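Every chain is numbered from 1 and lettered A, B, ... according to where its sequence line falls, protein lines coming before strand lines. This structure is a prediction, so every number in the text was calculated from the model and none was measured. All heavy atoms count here, side chains included; hydrogens, waters and symmetry mates do not.
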Amino acid sequence: MTLFLEQALNGLQLGVLLFLLSAGLTLVFGIMGIVNLAHGSLYMLGAYFAVTFTGWTGSFLLGALAALLATVIVGIVLERVAIRGLYDRPHLEQVLGTFGLILFFNEGARLVFGPAGLSLAPPAWLSGQVTLLPGVVYPSYRLAVLVAGIAAAGGMYWLVARTRAGMLLRAAAANRNMAEALGVNSRLLFLAVFALGAGLSGLAGILAAPLLTVRVGMGEEVLLLAFVVVVIGGIGSIRGALVAALLIGVLDTLGRAYLPGALRFAFAGPVADAVGPALSSMLIYFAMAVVLVVRPRGLFPTSARTDVAA
Amino acid sequence: TRERGEGVRIGFVTTLTGGSAAIGADMRDAFELALDHIGREMGGRPVTVVYEDDGQNPDTGLQKTERLVQRDGVHFVTGYIWSNVLLASYRAGIDGGAFVISANAGPSELAGVQCTPNFFSTSWQNDQTPMAMAEVMNRRNLTNVYVLAPNYAAGRNMAAGFKRTFKGTIAAEEYTQWPDQLDFAAELAKIRAANPSAVWFFFPGNYGTQFFKQYAQAGLLGQIPLYSTFSIDALNLGQIGELVAGSQLTQHWGADLPVAANKRFVDGFRAKYGRTPSFYAAQSYDSAMLIKSAVDATRGNLEDRDALRAALERANFESVRGTFRFGRNHYPVQDFHLFEVVRASDGAYSLKLGERIFAAHADPYVGDCPIAQQAAR
Amino acid sequence: MSRAVLLLAAALFVVLLAAVPAALLLDLPYLLFLFQQLAILATAAVGLNLVLGYAGLPAFGHAAFVGIGSYTVGILATELPGTLFTSAWVQLPLAAALAGLVAALIGAVSLRTRGVAFLMITLAFGQMLYFAAVALERYGGDDGMILVAPSRLGEQNLSRGVLSYTISVAVLAVALYVSFRLMRSPFGTVLRGAAANERRMQAVGVAVHRYRIGAFAASGALCGIAGVLLANHTAFISPATLAWTRSVELAVMVLLGGAGTLFGPLFGAAAFVLLEEVLSGVTEHWRIVFGPLLLLVVLAAPGGIAGLLGRQSND
Amino acid sequence: MRPLLRLEGVEAGYGAARVLNGVSFDVGAGEVVALMGRNGMGKTTLVRSILGLAPWVRGRILFETRELRAQPTYRIARAGIGLVPEGRQTFPNLTVRENLTATATPGRSGKEPWTVERVLTMFPQLGERLRAMANTLSGGEQQMLAIGRALMTNPTLLVLDEATEGLSPALRQEIWACLAMLRRQGQSILLVDKHVAPIRRIADRIVILEKGRVAWRGSAGGLTDDVLNRTLGV
Amino acid sequence: MRAVDKAAVLAEPLLVARGLTKRYGGLVANAGIDFDLRPREVHAVIGPNGGGKTTLLGQLMGEIEPDAGTIALTGADITALAVPERVLRGLARSYQVTSVFPGFTVLENVAFGLRARRRTTSRFWRAARTGGELGEAAAAILRRVGLSGRSGVDAAVLSHGEQRQLEIAIALSTTPKVLLLDEPLAGLGVDEGRRMVDLIASIAGPIAIVLVEHDMDAVFALADRITVLVDGAVIASGAPDAIRADPLMRSAYLGEDL
Ligand SMILES: Nc1ncnc2c1ncn2[C@@H]1O[C@H](COP(=O)(O)OP(=O)(O)OP(=O)(O)O)[C@@H](O)[C@H]1O
Ligand SMILES: Nc1ncnc2c1ncn2[C@@H]1O[C@H](COP(=O)(O)OP(=O)(O)OP(=O)(O)O)[C@@H](O)[C@H]1O
Ligand SMILES: [Mg+2]
Ligand SMILES: [Mg+2]
């Protein structure tokens, strides 16, 4: 039972990390309508920056802050140079363009940061464990990630659903010309939002850095997961992204924890060993397919009517 | 129709992009160093090397191999980090008329029934190193060990090798997603719950780093001893040295092996690149030396392939691991040693040579290989 | 269709055919290897274009259908060596049927969604097939398998050489012809019309869904055929063929060349393969050039290469 | 009276196709000017030109004292032009209330500012649907919303392009009454519409476009049946 | 009383809807609507904005699934049929917002429906021709709606009025028995509107028409019968004169500018 609790907590923590990633994606992709494959690259950059700046400053917090800033700046430059030209383009062309960006960022990161994976230690005050319940020992850093992620989730929800900036953003994303005609500086707004999305993605990278090896290609590993989360949640829905991220995090973790064991009941050892990991990898995609078949527009769809709207 | 000009042409397929590019870079650097050491000459002929990136992808590896043998007309193809890339590519290399010499990947397939005359390995067969580790653990009377490896061929080979030799009980076996498992939290929780007397695992390169970090963060490091294979190397020691200090591993080579050729290699590598070479680099260096020994033996005659093959089989060169010979299946028969992670006075971490675990150890598949050893000429 | 497009397409075919004597006379076997790969990828791209381009459906799992073709060859060669089932005459239609069937099933489910959700669900199915391939322990699992017996074609086989090359180019030509016929047929106009206005197409009495599933099947079948050729070409089959990045690459080829145009996939595959070949020969850091180049194409030339060469009316 | 909006020789079009061939007229402060013409004569293009939404525009467009041409659209809007566009174009993913408030700007002094409450007194039906997403509204409801949304920017010049399209007769009348009331309050209005009778009642001046040119211009009183017949086919 | 009524209706009308209900959350867009359309009839549906007119057409056409109620066409129950199947049985509609095939010529726009009707859309090898008999049929339809001169033009660049005409042409291309028109005059100028009225009058008769329209001049010029929908319910139904005379109508919906 305590094991299950711990696994569930692991799942939540992974979910929160996924949420941070997909929150930025939901903003940029769900609301602004940009399919940005390079979103994962910003996550990677955030992690690289975190390692670099922590090395320079000697402090994880300072390094993380600087890394966040740097990722946001990269986001701003990226928006001005590349993304701006993609706003009014079909999704497919955005895919092509941002695929090019992935290649660029991966190669660039390798040139700048070197081919070897980098590693970042969590700050000393977070490198221990806490006993949550008798028998449930949990790494403090993971707990911190959980808290940071939930805070970011709350902030995002408030920003998009409750503030005027969020309203303007949704308005401009739906109909840029019309928003402009009502006095919205959509260029600036989009720039700000893209930078925010970049920042969130960078934050995810920064938080993940002490857990993972920072290396080229780490962005693509999570990109798909983030897209899965956004789509399951309902495109453009922050709430949906949160629920879906937690769902996927828990599903993935529990799948890895219990599926192979369950399979061993059914099959001989080697078969179960081979099929288990494959099946648990498949699990989230299977979940997505099921969700989309049952609810084609995700868990929290934004409703639409097409027979009278222009 | 492959004779084009004077030189000896060598293709080198390795991973130069993506998450594992560091391994490829280490291998390339070592190969270049070897060429420096031999004056870029073999059997009186100049040597040219074409490096190709496989992107850790079997299809790409195959295509690059194809390109090397068909476009560049290379006489030897070497490199190959990954078993699956090697398996995808070696036929193309051999069919294209080249000798294929793996400098790292050591799949069991090519060691047993499918062994083939024009393929050689300067590394090891996957099973061997974990077998040595299991032997160490046997000697310490460890039982109830948790086994962990990624779910791909090398991972399964390694686990198989470990289990073949290990005599104690196995608490549980776990195979993780490959290559994109982000997080080991679920596995770590299971380990904690199982509370084994030790954990043996294999996670290469960055994955090893990641596992050690998370193991430490989970507070398991001091509690359950870790025995690993191919998970700590010169490439990640700088990152995780602190976490793994005192930890032990088995290997066929170490930078401090007291062999003249090794000293030349390690000193040369440090001087040229300012870092300690990894075992990947050592194998790569050896592969250059092996090729040179064969071309020298035929006095630069690249046409007499039987003679070349025979010379390769003799392995008449000074390996960085000391004595080196090939088994019937063209995999090395070599010693395996215990190493320990130690902290030097300058604060850097390194691997310190310990006792010898296996002497002249041959892989367990060699018996299945139908190649008859040619009489030494 | 603009003159420039036709000219370029003709030129590409001349080059593909001229490669045979050139490779034999000048001893450039690699040229054939490279061009054969180009032709095979272009065939798959032509297949994908039916869905991605003409029908306007952002499908991103087509590498799986190529993989089905490849594994069909690999599994038959392992399980039924020396039988009828290693003949290309059996394998090609079988792989096409199998890939087409799976594509139709995936299409039928995926078509419940639209837009980006569609993109993601096709990708998800692709991933599921990828992991299924990884789980095929008997056929090499993650490592993949060596093709022990290439598809037989009478006395010869599809593995290597001029015959195999010629067949790959011929299959590409046939695929283009099929694509041409399909897309100017009533069936094709329905697909394109539904892409322009799905609701209206329903309201004139066309059950759009069925046509789209048909397009999926045709597109999957073409990819399956490409998969058979690919397995023979590389003599190696592995899950890497089904990876999602492969699907994206296929889509990038289609888009680079010009989605929804007849020759776009050919142009895109040619540009992709040749640029990669040339640039990676110059520097291992070639992607730092190639990536921005793709972006530039999008920004400067909407409609890809075919668009650059002159807009065409509807195909 | 100094004109609020002045167009001088405005040309505009899409791609190579020219739609406006030199249009000139003024809208004075406090004035209601109606723009009429058959389908496809360029009325909407003209409206889009003013707001900087047409692909290309030549000539001069002065608002108060500023040259609008080549300004970004949002600046033009912020200068005090409120648009009710052709085809409604409400923000589908915003609720009715959000549609009203998102782009709202505080009123300029001297006039009673538009608030959500004031819009709802004009369109009580929207009140019942304040929390509904705009894309679930009926066509006419969306039209009301579009008008309310423009009013909420408290514009100096209100521009309505076919704002009564798709409204029920009763509602249409309310809109006209509302426009008449706005006019009495001194609101300047440029409106495009096809309903002759109400335009005659509330417009100070009428401009009729034909093939991108001004075919007729004059006071409402001068709009004789003959003119109507000639230019609009009425 | 009701049973008798129903029997009489079933014997006669082309299109019969009973108890059509559609809810969106708490909002009832259609509340148990009974509606019928007799052969050769133009049956106008009017009512305030948001009254449920478009929703009714959507349910009749099969685009909106009713929460309750049945629909029959020429005596056969079509409630469960999908849109294309209903079209093949003789239903067609136009949309409140123009809905044509951009990127296709005017002629091709019409050809889609003709092919669907001839069931040739699934032919996949021979080229889709717009000549021959099909071309003539298309040309005839375009002539009828007054678009003959524009057959080779991309539908996307037609003027608004022309697109409305094309909208009708596309609907006619499926040779419907019943045509549902949603605000066909919307966005049309006075002159163009009048021509649209003439066009509708010319096709009415052989084709029975449900006309949703806010332009009362057009409604009274065309309608044989008028039904008034308010808040999703039928509040009145009858001959135009009776509706026009209804004082409730005048104040609640028609306003004074009649
Ligand atoms: N996006 C566009 N691209 C090309 N041509 C266009 C576009 N929009 C409008 N046009 C053309 O410009 C001309 C003028 O159109 P505009 O919409 O300004 O007319 P209008 O007077 O507002 O007509 P309506 O009364 O139908 O709204 C028409 O011939 C139309 O076909
Ligand atoms: N998908 C939907 N979700 C929520 N509400 C809806 C939806 N579709 C329609 N409605 C509501 O149902 C009511 C009826 O809408 P409908 O479009 O049928 O009205 P209508 O009579 O056609 O109005 P109009 O004359 O303005 O076009 C409206 O209040 C509308 O907001
Ligand atoms: Mg207009
Ligand atoms: Mg309506």
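The CZ atom of B:Arg71 sits 12.0 Å away from atom CZ of C:Phe33, with the distance rounded to the nearest 0.5 Å. Here the CG-CZ distance, from B:Leu87 to C:Phe236, works out to 6.5 Å after rounding to the nearest 0.5 Å.
No side-chain heavy atom of C:Thr234 sits under 4.5 Å from any side-chain heavy atom of B:Asp59. A heavy-atom distance below 4.5 Å is found between the side chains of C:Arg246 and B:Asn57. Residues B:Asn151 and C:Asp142 fail the side-chain proximity criterion, which asks for heavy atoms closer than 4.5 Å. Annotation: side chain of C:Arg287 is in contact with side chain of B:Thr17 (closest heavy-atom distance under 4.5 Å). You'll find the side chain of B:Glu66 stays beyond 4.5 Å of the side chain of C:Leu34, heavy atoms only.
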### Message
Before you tell me yes or no, could you show the steps for B:Gln63 and C:His233 under side-chain contact (heavy atoms from CB on, under 4.5 Å), namely the whole-Å CA-CA distance, both residues' side-chain angles and the distance that decides it to 0.1 Å?
### Response
CA-CA 10 Å; B:Gln63 186 181 340; C:His233 179 57; over 6 Å; no

### Task
Start with the C-alpha distance between B:Tyr90 and C:Ile146, add both sets of side-chain angles, then the distance that settles side-chain contact (heavy atoms from CB on, under 4.5 Å), and finish with yes or no.
CA-CA 10 Å; B:Tyr90 82 97; C:Ile146 291 160; 3.4 Å; yes

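In terms of heavy-atom pairs under 4.5 Å with chain C, the best-connected choice from B:Val50, B:Leu62, B:Asp53 is B:Leu62. When each of B:Thr60, B:Leu16, B:Val85 is scored by its heavy-atom pairs under 4.5 Å with chain C, the top score falls to B:Leu16. Between chain B and the options C:Ala243, C:Gly141, C:Ser280, heavy-atom pairs under 4.5 Å are most frequent for C:Ser280. Chain C forms the most heavy-atom pairs under 4.5 Å with one residue out of B:Arg67, B:Gln177, B:Arg91, and that residue is B:Arg67.
For C:Gln37, the part sitting under 4.5 Å from any heavy atom of chain B is the side chain, from C-beta outward, and nothing else. At a 4.5 Å heavy-atom cutoff, B:Glu52 makes no contact with chain C through either its backbone or its side chain.
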